[in-house]
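In this chain, numbering begins with 1 at the start of the sequence shown. All values below were derived from every heavy atom in this structure, side-chain atoms included, with hydrogens, water molecules and symmetry-related copies excluded.
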Amino acid sequence: NTVVVVKGSSIYAVIVKDSKYVIGKFDLNLKLVANGTDEVNPYTSIMISGSNLYALSKDDNVLKLDLSKLAASKSVNVK
């Protein structure tokens, strides 16, 4: 089970890529158009603010991903 978030004409959800859980970006036809490389917790919530997407990493740190690249620009240890 995963959270699905829609922003404009893009849909974001957790997917499995190369045996890792990452954030996937889909178009409105549900075609995968991009995927992140940073591993996320498979049960993470997803929040979008401005041009950033926030999710929990596999180690439960907060990842700040750039929406255009789905690449982490920052990881914050919350433990």
Transitively linked via ILVMFWY side-chain contacts under 4.5 Å: [X] with [Y]?
{"X": "Val62", "Y": "Met47", "answer": "yes"}
{"X": "Tyr21", "Y": "Val5", "answer": "yes"}
{"X": "Tyr12", "Y": "Leu28", "answer": "no"}
{"X": "Leu32", "Y": "Val4", "answer": "yes"}
{"X": "Tyr43", "Y": "Leu53", "answer": "no"}

Distance check, rounded to the nearest 0.5 Å: [X] atom [atom1] versus [Y] atom [atom2]?
{"X": "Lys17", "Y": "Asn35", "atom1": "NZ", "atom2": "CG", "value": "5.0 Å"}
{"X": "Lys25", "Y": "Lys7", "atom1": "NZ", "atom2": "NZ", "value": "10.5 Å"}
{"X": "Asn41", "Y": "Lys58", "atom1": "CG", "atom2": "NZ", "value": "11.5 Å"}
{"X": "Asp38", "Y": "Ser57", "atom1": "CG", "atom2": "OG", "value": "9.0 Å"}
{"X": "Leu65", "Y": "Leu63", "atom1": "CG", "atom2": "CG", "value": "5.5 Å"}
{"X": "Leu56", "Y": "Glu39", "atom1": "CG", "atom2": "CD", "value": "13.5 Å"}

Ignoring hydrogens and angles, tell me if any N or O in the side chain of Asp59 forms a donor-acceptor pair with the backbone of Asn61 under 3.5 Å. no
Asp66 (side chain) donor-acceptor with Ser68 (main chain) under 3.5 angstrom: yes
Whether over 12 other heavy atoms sit under 6.0 Å from Phe26 CZ: yes
Minimum-distance pair of heavy atoms, taken over all atoms of [X] and [Y]:
{"X": "Leu70", "Y": "Ile23", "answer": "CD1-O, 3.7 Å"}
{"X": "Val3", "Y": "Ser45", "answer": "CG2-CA, 4.2 Å"}
{"X": "Ile11", "Y": "Asp27", "answer": "CD1-O, 3.7 Å"}
{"X": "Ala55", "Y": "Val40", "answer": "CB-CG1, 4.4 Å"}

Please determine whether side chain to side chain contact (heavy atoms under 4.5 Å, CB included) holds for the pair Val22 and Val14, giving the CA-CA distance in whole Å, both sets of side-chain angles, and the decisive distance to 0.1 Å. CA-CA 6 Å; Val22 297; Val14 176; over 6 Å; no
